[in-house]
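Shown next, in C-alpha coordinates, is the structure this report addresses.
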Amino acid sequence: MEAHSLAHRHVDSYARLVRRIHSVVHSRLAQAEHQAVIRREPDEAQEDWDRLIDEIRGAEMVRITPRPDGSLHLAWFVSLDT
(Lines give C-alpha, C1' and ligand atoms only; values in the text may rest on other atoms or scores of the structure.)
Protein backbone atom coordinates (compact mmCIF):
# COMPACT_ATOMS: atom_id res chain seq x y z
CA MET A 1 0.00 0.00 0.00
CA GLU A 2 2.87 2.39 0.80
CA ALA A 3 4.38 1.99 -2.70
CA HIS A 4 0.98 2.73 -4.25
CA SER A 5 0.65 5.85 -2.12
CA LEU A 6 4.11 7.09 -3.15
CA ALA A 7 3.39 6.41 -6.82
CA HIS A 8 0.08 8.27 -6.54
CA ARG A 9 1.77 11.29 -4.93
CA HIS A 10 4.38 11.30 -7.72
CA VAL A 11 1.67 11.28 -10.39
CA ASP A 12 -0.12 14.09 -8.56
CA SER A 13 3.05 16.18 -8.25
CA TYR A 14 3.81 15.79 -11.96
CA ALA A 15 0.22 16.65 -12.89
CA ARG A 16 0.39 19.81 -10.75
CA LEU A 17 3.63 20.82 -12.44
CA VAL A 18 2.17 20.25 -15.90
CA ARG A 19 -0.94 22.31 -15.02
CA ARG A 20 1.21 25.16 -13.69
CA ILE A 21 3.46 25.30 -16.76
CA HIS A 22 0.44 24.89 -19.05
CA SER A 23 -1.12 28.01 -17.51
CA VAL A 24 2.11 29.98 -18.03
CA VAL A 25 2.50 28.88 -21.65
CA HIS A 26 -1.17 29.44 -22.44
CA SER A 27 -1.41 32.90 -20.89
CA ARG A 28 -2.55 35.66 -23.24
CA LEU A 29 0.85 37.34 -23.26
CA ALA A 30 2.76 34.11 -23.91
CA GLN A 31 0.41 33.16 -26.70
CA ALA A 32 0.64 36.60 -28.31
CA GLU A 33 4.45 36.64 -28.11
CA HIS A 34 5.01 32.90 -28.72
CA GLN A 35 7.34 32.76 -25.74
CA ALA A 36 7.39 32.24 -21.99
CA VAL A 37 9.84 31.91 -19.15
CA ILE A 38 9.43 28.93 -16.84
CA ARG A 39 11.24 27.84 -13.70
CA ARG A 40 11.10 24.97 -11.27
CA GLU A 41 9.60 25.94 -7.93
CA PRO A 42 11.45 24.80 -4.78
CA ASP A 43 8.67 22.37 -3.82
CA GLU A 44 8.66 20.65 -7.23
CA ALA A 45 10.62 17.44 -7.69
CA GLN A 46 13.67 17.64 -9.95
CA GLU A 47 12.60 14.31 -11.48
CA ASP A 48 9.23 15.81 -12.48
CA TRP A 49 10.92 18.90 -13.89
CA ASP A 50 13.40 16.84 -15.93
CA ARG A 51 10.57 14.71 -17.33
CA LEU A 52 8.58 17.78 -18.35
CA ILE A 53 11.58 19.44 -20.00
CA ASP A 54 12.33 16.23 -21.92
CA GLU A 55 8.74 16.22 -23.18
CA ILE A 56 8.97 19.86 -24.23
CA ARG A 57 12.25 19.17 -26.03
CA GLY A 58 10.42 16.51 -28.02
CA ALA A 59 7.91 19.05 -29.33
CA GLU A 60 8.48 20.34 -32.82
CA MET A 61 9.22 24.01 -33.36
CA VAL A 62 9.96 24.75 -29.68
CA ARG A 63 13.29 26.24 -28.64
CA ILE A 64 14.47 26.04 -25.02
CA THR A 65 17.14 28.48 -23.90
CA PRO A 66 18.59 28.24 -20.37
CA ARG A 67 18.87 31.58 -18.57
CA PRO A 68 21.55 32.60 -16.06
CA ASP A 69 19.05 32.55 -13.17
CA GLY A 70 18.21 28.88 -13.81
CA SER A 71 14.91 29.55 -15.55
CA LEU A 72 14.20 28.48 -19.12
CA HIS A 73 13.04 30.65 -21.99
CA LEU A 74 10.63 28.81 -24.28
CA ALA A 75 9.92 30.08 -27.76
CA TRP A 76 7.69 28.37 -30.25
CA PHE A 77 7.02 28.93 -33.86
CA VAL A 78 3.63 28.72 -35.46
CA SER A 79 3.35 27.59 -39.05
CA LEU A 80 1.04 29.77 -41.09
CA ASP A 81 0.44 26.88 -43.50
CA THR A 82 -2.97 25.33 -43.06
- Is the shortest distance from a Lys or Arg side-chain nitrogen in E47 or R51 to a carboxylate oxygen in the other one below 4.0 Å? no
- Taking atom CD of E60 and atom CZ of F77, what is their separation to the nearest 0.5 Å? 13.0 Å
- If you take all heavy atoms of L74 and V25, which pair is closest and at what distance? CD1-CG2, 4.0 Å
- Nearest-0.5 Å distance that lies between atom CD in E41 and atom CZ in R20: 4.5 Å
- Query: For H22, does the NE2 atom have more than 12 heavy-atom neighbours from other residues, nucleotides or ligands under 6.0 Å away?
  - Reply: no
- Task: Answer with yes or no whether the hydrophobic clustering places V62 together with V18; edges join I, L, V, M, F, W, Y residues whose side-chain heavy atoms lie under 4.5 Å apart.
- Result: yes
- Item | Flag side-chain contact, heavy atom, 4.5 Å: D54 against W49 | no
- Message: Any carboxylate oxygen within less than 4.0 angstrom of a Lys/Arg side-chain nitrogen, looking at D69 and R39?
- Response: yes
- Heavy atoms only: give me the nearest R67-L72 pair and the separation to one decimal. CD-C, 4.2 Å
- Message: How long is the straight-line distance from CE of M61 back to NE2 of H34, given to the nearest 0.5 Å?
- Response: 10.0 Å
- Message: I'd like to know if the side chain of R40 and the backbone of E44 have a donor-acceptor N/O pair within less than 3.5 Å.
- Response: yes
- For the residue pair A30 and V24, what are the closest heavy atoms and their distance? CB-O, 3.4 Å
- Measure the shortest side-chain to side-chain distance between I38 and I56 over non-hydrogen atoms and say whether it is less than 4.5 angstrom. yes
- Task: Say whether, by atom type as modelled, one donor and one acceptor occur between the side chain of Q35 and the main chain of W76 under 3.5 angstrom.
- Result: no
- Would you give the length of the straight line joining atom CG of L17 to atom CG of L52, rounded to the nearest 0.5 angstrom? 5.0 Å
- So R57 and I64, side chain to side chain contact (heavy atoms under 4.5 Å, CB included) or not? Walk me through it. CA-CA 7 Å; R57 280 192 179 107; I64 301 174; 3.5 Å; yes
- From I53 CD1 over to Q46 CD, what is the distance, rounded to the nearest 0.5 angstrom? 9.5 Å
